[in-house]
K.L.:
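Take this structure, written in structure tokens, and hold onto it; I'll ask about it next.
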Amino acid sequence: MSKSNEEFEGRKKIEGTLLNTDYFLREGKAVIELFFWTDAGKIRIEDDNFEPYLLVEIKDNERIEGIVKELEKIRNDEKNKEHYVTKCEFVKRRIGLENKEFIKVIVNRPSSVPALKGIIRKTKGVKEIYEYDIPFAFRYLLDKGLSCFNDYSVSVEEKNERLMLKRIQEINALNSAERRMPNAIGIDIETFVSNEDEIKPEKDPILMISIYGEKLKKILIAGSGKDTEMIEWCGNEKAMLERLFEIINAEQPAIIFGYNSDSFDMSYIARRTELLGIKHNEIEFKDSSKGMPIVKIKGYAHIDLYRYIRIAGGRGLNLENYSLDEVANKIIGKGKNDLNPLELSNAWRENNEKKIIEFAIYNLNDAEITYELGERFLPSISELSRLICLSPEDVCRMSFSQLVEWYLMKRASQEKAIIPNKPESEESYERRKRRFEGAFVFQPTPGLYDNIVVFDFRSLYPSIIASHNISTETFTNKECEDCYTVPDKNQGGFIKKPTGLVSKSIKDILKQRREVKARLKKDLDEHEKSLLKAREQGLKTLANSMYGYLAYERARWYCYECARAVASFARYYIKDVISKANKEGFHVIYSDTDSIFITLKDKTKEECIDFVEQINKELPEEMELEYEGFYKRGIFVFAKSFDKGAKKRYALIDEDGDINIKGFEVIRRNWSEIGKRIQMGVLRRMLEKGNPEEALDYLKEEIEKIRKGEVDFKELEIRTKITKNINSYANISPHVAAAKRAIEKRGKIGAGSIISYIVAKSKTGKNERISERVILPEECTKDSYDENYYIEKQIIPAVESIFKTVGIDIESALKSKESQQTLLGFYSD
DNA sequence: TACGGGCGGGG
DNA sequence: GTGTACGCCCGTA
């Protein structure tokens, strides 16, 4: 049928990106609503042609007609709500390895599923019920094979000014480069604070709200003043909130970004709106939880970046904490303005317009960095959303295990396999107690090594799952010929055919990832590149989370035997490589989980590469040992209080002089900069020339400088976070003492702020506790800081194990050269 | 050593 | 609403 014909029949076609879905009830019947982002903005389309259901497994040898008759009689009316079974249909599903017929029990409305599930389960002849806890909007996407952030062409019919869905079809033509990106805004609020320990919407009003979008930069203030292009003085809070809804309604952003906005901004706005009796049709908040709040806004994708970054997005970014300032600095290179938001209340009381405007700018800056963080993370969120078939506001609040689970639910649905039920809480509790042996770590012999080659298995755990058909339904305890047998004895095995759901999913993820990586090698524009990178990351996340998911006690596809087997295969393969390497005359110095470190000695790099090739010929198809790199030197240090090498604590230097450090605590906040710097300096000198004496000379020079007062005081600062009100600390630790001192000198310091202090010499000569000797950075002078504290408590511990590794006892080395100076035993704490 | 409870971010 | 985070740190028995 041609396009004009369709239009002639009262239909029209809309092309757009699916953003999210929801549903509501009209005359007791569920109506799905789909929100699309199109060239003309946001469009809402309804579909009232989808019914809620659950699946029933029938007991063997039961007469199916009799059961259907019973099921169709089920009715349970409560509190003005009627719940009943409308009809039954027969469907084929795979359960475990078996194909069976199930009864699809269709009910009158979504909430009838939980309302009736108990009665249905107890009906005579019913063995088990399934898929009774799948959210309705997700069920719709699954059954229709739709996914958020995909592009669709939709035929719609206009009915009572509503657009009703008639046909929907994916448009494959739009590749990532052409994909439209939805418009978004960032939001941030500032509130009045009457008591800093307890900020509640019941007593403290919102003072200002900032909205930041590509073309929108606005600060609304709940007071009176002179408007500017950016600042709108709304008179009072009620008018300000009404104005906020008006702006959002006019702007129609697809996405609203906030930072900690589930717990704070959005729930605060929702609560104040309620308290002030503001009527608004534009925005509907749905606080959908009892514990930690989740605020959903109907028709908008509200994304709380704090949650996303905390759970998923912030991995591997070396964040000290998840404050907006820290996160924004690390990710987009700019942070919050230097202003204490608590002081806004004072400015407000004093009606200090100039100061209030300063805070307004501060407020907008927060909305701006929130928006920019959102822009940065939207590709990952949208790609995960596409991959898993969930709305962006759902994926951004999920843990890795949940992401994996929803992905498997999608895959199961595509394969017409039954989605297993969640475990009861007792079952989860029992599962939690089960342990198994983890990864293999080779205890290194401490020392400095030359010419190190590192190999590692590419995606070791995922590739093991893929190549041994490890899946919940393929595990078997029986002896079988056509099986992958777990290397550890009496741990069963996995049948080779058919491919299990978990294994098949991961195989597919790995394949997709290889394809994306191949595409990324081509010359692409920035937009497409960022989307493909995000997809690649999303696939990696899913693949790497599968192993943990199998052992996760609340997983639907939980499989203790599978997780145990993955670890067992991993140990088997890595040990196999180690023994083969040793047999070939390589010297293995270290190995951890999926990597192997060898020293070349009389071998060449080429021989190493040949060795890897040989190993790969013998490995299963999905598995691969990779040549990771060559390092000209490496140091493996002693473990604290052990006479053996520490696992996971080493440093390597490559041929370009870049140092790769593992396990040295160089990034801890409560270490002074000087300790970190000297540790790094010592490591560098050891690794560059392989000469410990040079490192020792460097250390002595640095210690000499500390003694002479030739240090940058900034390097002496120790930073610790004040987590609660300063008066509620029972023990006065150094940072609390510092905070008290700072309050005396500079005024209030709230919970959550980071306090910096420096340890000073005793003034009385009595050697008091550190907490009695802390000073603030601005008080520090050449003579005031305690050089012995820094040398013994900050420098020595940082380098001690490094020197011990090369046979230098740092205490005696320093003592002998510093003649009279006794370094240790001097200090008691 | 096990566990129970609270916190994180936000103002 | 066909779904209820989670991992860490602290104090206490």
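First the proteins, then the strands, lettered A, B, ... as listed; each starts at 1.
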K.L.:
Return the value, rounded to whole Å, for the distance between atom OH of A:Tyr306 and atom P of C:dA5.
P.N.:
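Roughly 15 Å, once rounded to whole Å.
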K.L.:
Can you tell me the distance, in whole Å, between the OH atom of A:Tyr130 and the C1' atom of C:dG3?
P.N.:
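Atom OH in A:Tyr130 sits about 19 Å away from atom C1' in C:dG3.
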K.L.:
If you check every side-chain atom of A:Arg139, which of C:dT2, C:dA5, B:dG10 has the closest atom?
P.N.:
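Selected nucleotide: C:dT2.
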K.L.:
Check the distance between B:dG10's P and A:Ile309's CD1 and give it to me in whole angstrom.
P.N.:
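These atoms are roughly 11 Å apart.
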K.L.:
If each of A:Lys336 and A:Arg310 is mapped to the nucleotide of DNA chain B with the nearest heavy atom, which maps nearer the 5' terminus, i.e. the 5' end?
P.N.:
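Per heavy-atom nearest nucleotide, the more 5' residue is A:Arg310.
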K.L.:
For the side chain of A:Asn260, starting at C-beta, report the closest nucleotide among B:dG11, B:dG10, C:dA5.
P.N.:
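From the listed options, B:dG10 comes nearest.
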K.L.:
Could you measure between the two P atoms, the one in B:dG9 and the one in C:dC8, and give it in whole Å?
P.N.:
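These two P atoms come out 14 Å apart once rounded.
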K.L.:
So what stems show up for DNA chain C if we need 3 or more Watson-Crick or G-U pairs in a row, all under 3.5 Å?
P.N.:
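Result, WC/G-U stems under 3.5 Å: B:1-8 with C:6-13.
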K.L.:
Report yes or no: is there a donor-acceptor pair, N or O only, under 3.5 Å between the side chain of A:Lys296 and the base of C:dG3?
P.N.:
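Answer yes: a donor N or O sits under 3.5 Å from an acceptor.
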K.L.:
May I ask you to evaluate whether A:Tyr552 reaches the phosphate of C:dC6, defined as a side-chain N or O under 4.0 Å from OP1 or OP2?
P.N.:
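The answer is yes; a side-chain N or O of A:Tyr552 sits under 4.0 Å from OP1 or OP2.
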K.L.:
Quick one: pull up CG in A:Asn365 and OG1 in A:Thr370 and give me the separation to the nearest 0.5 Å.
P.N.:
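Those atoms lie 9.0 Å apart.
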K.L.:
How far does CD of A:Glu128 sit from CD of A:Glu57, to the nearest 0.5 angstrom?
P.N.:
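The distance works out to 7.0 Å.
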K.L.:
Nearest nucleotide by nearest heavy atom, which residue falls closer to the 5' end of DNA chain C, A:Ile134 or A:Arg307?
P.N.:
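Looking at the nearest nucleotide for each, A:Ile134 comes out on the 5' side.
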K.L.:
Quick one: which of C:dG3, B:dG11, B:dG9 gets closest to the side chain of A:Asn321?
P.N.:
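Side chain of A:Asn321 sits closest to B:dG9.
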K.L.:
Less than 4.0 angstrom from a charged side-chain N to a carboxylate O is my criterion; do A:Lys336 and A:Asp188 meet it?
P.N.:
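A salt bridge is absent here (no side-chain N lies under 4.0 Å from a carboxylate O).
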K.L.:
Can you tell me how far C1' of C:dG3 sits from CD1 of A:Ile294, to the nearest Å?
P.N.:
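Taking atom C1' of C:dG3 as the reference, CD1 of A:Ile294 is at 9 Å.
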K.L.:
Measuring only the C1' atom in each nucleotide, how far is C:dA5 from B:dG5? A whole number of Å is fine.
P.N.:
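Per the computed distance, 16 Å lies between those C1' atoms.
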K.L.:
Please work out whether C:dG11 sits syn or anti, treating a glycosidic angle within 90° of 0 as syn.
P.N.:
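Anti, which is what one calls it when the glycosidic angle falls more than 90° from 0.
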K.L.:
Among C:dT2, B:dG9, B:dG11, find the nucleotide with the atom closest to the side chain of A:Val193.
P.N.:
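The closest nucleotide is B:dG11.
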K.L.:
Check this for me: does the side-chain of A:Asp394 come within 3.5 Å of the base of C:dG3 through a donor and an acceptor?
P.N.:
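Answer is yes: a donor-acceptor pair is held.
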K.L.:
Scan residues 111-123 of chain A against DNA chain C and write down, sorted by residue number, each residue with any heavy atom closer than 4.0 Å; if none is found, say none.
P.N.:
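Heavy-atom cutoff 4.0 Å gives A:Ser111, A:Val113, A:Pro114.
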K.L.:
With a distance cut-off below 6.0 Å to the six-membered ring centre and an angular limit of 45° from the axis, does A:Arg434 pair with A:Tyr560 as a cation-pi contact?
P.N.:
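Yes, a cation-pi geometry holds between A:Arg434 and A:Tyr560.
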K.L.:
Look at the side chain of A:Glu131 and the backbone N and O of A:Ile419, then say whether any donor-acceptor pair between them is shorter than 3.5 Å.
P.N.:
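Yes, A:Glu131 side chain to A:Ile419 backbone: donor-acceptor pair under 3.5 Å.
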